[in-house]
Amino acid sequence: MNLYWESFKTFFKIGMFTLGGGYAMIPLIEEEVVNRHHWVEKDEMLDLIAIAQSCPGVFAINISIFIGYKLKKTHGAIATALGTALPSFLIILAIAIFFHQFEDNKVIAAMFKGIRPAVVALIAVPTFNMARRAQLNWFTIWIPIVSALAIWLLGVSPIWIIIAAGIGGYLYGVMEIRR
């Protein structure tokens, strides 16, 4: 089958059946891209996630572009980006058209309240899996904890955290090379 069509369908399916945004998509992307299609290796997926988080823009689109580009360069990136974005676009368009009919519906409001805890779990699971694959240990576990607390309690911009982590990683790499 045509790889453009296959990658578009894969990311369309991921985009269509994922609630909670890009981070909630990580388990589905990993299952499809790493385990099912073998387009990317597990370690490479972790690197792509880190890069996608560091780039401006929507995480889900970024990761799909990186994977599409790896598969078929620019045209592959376009196919996967469209596959990821199109479901959300269509759903938002439908909501915009029909929202006024449902905005005061208590059943719909209750459904969204029920979905929220599931979305938290969908985001938490890939976070723990990434931590395991990043081989965090007692020496490095403080980095994500301090970063999360700085963002949450002190209101530090995630941009500063990313810049600090990049500089820290660079300096650590330079120190390792010199050893």
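Because the structure is predicted, anything quoted here is derived from the model rather than measured.
Separation of atoms NZ (K72) and CD1 (I78) is listed at 14.0 Å; rounding is to 0.5 Å. Rounding to the nearest 0.5 Å places CD of Q53 at 13.0 Å from CD1 of I161. In this structure, R116 CZ and M111 CE are separated by 12.5 Å, a value rounded to the nearest 0.5 Å. Between I108 atom CD1 and K106 atom NZ the span is 14.0 Å, to the nearest 0.5 Å. Separation of atoms OG1 (T10) and NE2 (H37) is listed at 3.5 Å; rounding is to 0.5 Å.
Linking ILVMFWY side-chain heavy atoms closer than 4.5 Å, directly or via other members, places M16 and I95 in a single hydrophobic cluster. A continuous path of Ile, Leu, Val, Met, Phe, Trp and Tyr side chains, each step under 4.5 Å between heavy atoms, connects F98 with F89, placing both in one hydrophobic cluster. A chain of hydrophobic side-chain contacts below 4.5 Å, direct or via other Ile, Leu, Val, Met, Phe, Trp or Tyr residues, connects V174 to I163. Residues W152 and V146 do not share a hydrophobic cluster, clusters being chains of Ile/Leu/Val/Met/Phe/Trp/Tyr side chains in contact below 4.5 Å. Hydrophobic clustering (side-chain heavy atoms under 4.5 Å, transitive across Ile, Leu, Val, Met, Phe, Trp, Tyr) keeps I167 apart from I177.
For N137, the CG atom is densely surrounded, since the number of other residues' heavy atoms within 6.0 Å is greater than 12. No more than 12 heavy atoms of other residues, nucleotides or ligands shown are found within 6.0 angstrom of CD1 on I159. Within 6.0 Å of atom CD in Q135, 12 or fewer heavy atoms from other residues, nucleotides or ligands are found, so the atom counts as exposed in its surroundings.
Side-chain atoms of F12 and L82, non-hydrogen and from C-beta on, never get closer than 4.5 Å to each other. Between L28 and K13, every side-chain heavy-atom pair lies at or beyond the 4.5 Å cut-off. For the pair I26/F59, a side-chain contact is recorded, criterion being any heavy-atom separation below 4.5 Å from C-beta on. E6 has its side chain out of reach of N2: every pair of non-hydrogen atoms, C-beta onward, lies at least 4.5 Å apart. P87 places none of its side-chain heavy atoms less than 4.5 Å from the side chain of F11. The side-chain heavy atoms of M175 and R178, taken from C-beta on, include no pair separated by under 4.5 Å. The closest side-chain heavy-atom distance from L86 to F8 is below 4.5 Å. Residues I141 and W138 are in side-chain contact: their nearest non-hydrogen atoms beyond the backbone lie under 4.5 Å apart.
For the side-chain contact (heavy atoms from CB on, under 4.5 Å) criterion with I49, the lone passing option out of I63, I29, N62 is I63.
Between the side chain of H38 and the backbone N or O of V34 there is at least one donor-acceptor pair closer than 3.5 Å.
In this structure, A81 and S64 approach most closely via the heavy-atom pair CA-OG, 3.6 Å. Residue G15 comes nearest to M25 through the heavy atom pair CA-CE, 3.6 Å, listed as atom of the first residue, atom of the second, then distance. Shown here for I61 and A85, the closest heavy-atom pair between the two residues is CD1-CB, 3.6 Å. Pairing each heavy atom of F66 with each of C55, the nearest pair is CZ-SG, 3.8 Å. Residues G114 and P117 approach most closely at O-CD, 3.3 Å, considering heavy atoms. Closest of all the heavy-atom pairs between V40 and M45 is CG1-N, 3.6 Å.
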Evaluate the side chain to side chain contact (heavy atoms under 4.5 Å, CB included) criterion for residues L3 and L71: first the C-alpha distance (whole Å), next the side-chain angles of each, then the deciding distance (0.1 Å), finally the verdict. CA-CA 8 Å; L3 190 54; L71 294 175; 4.1 Å; yes
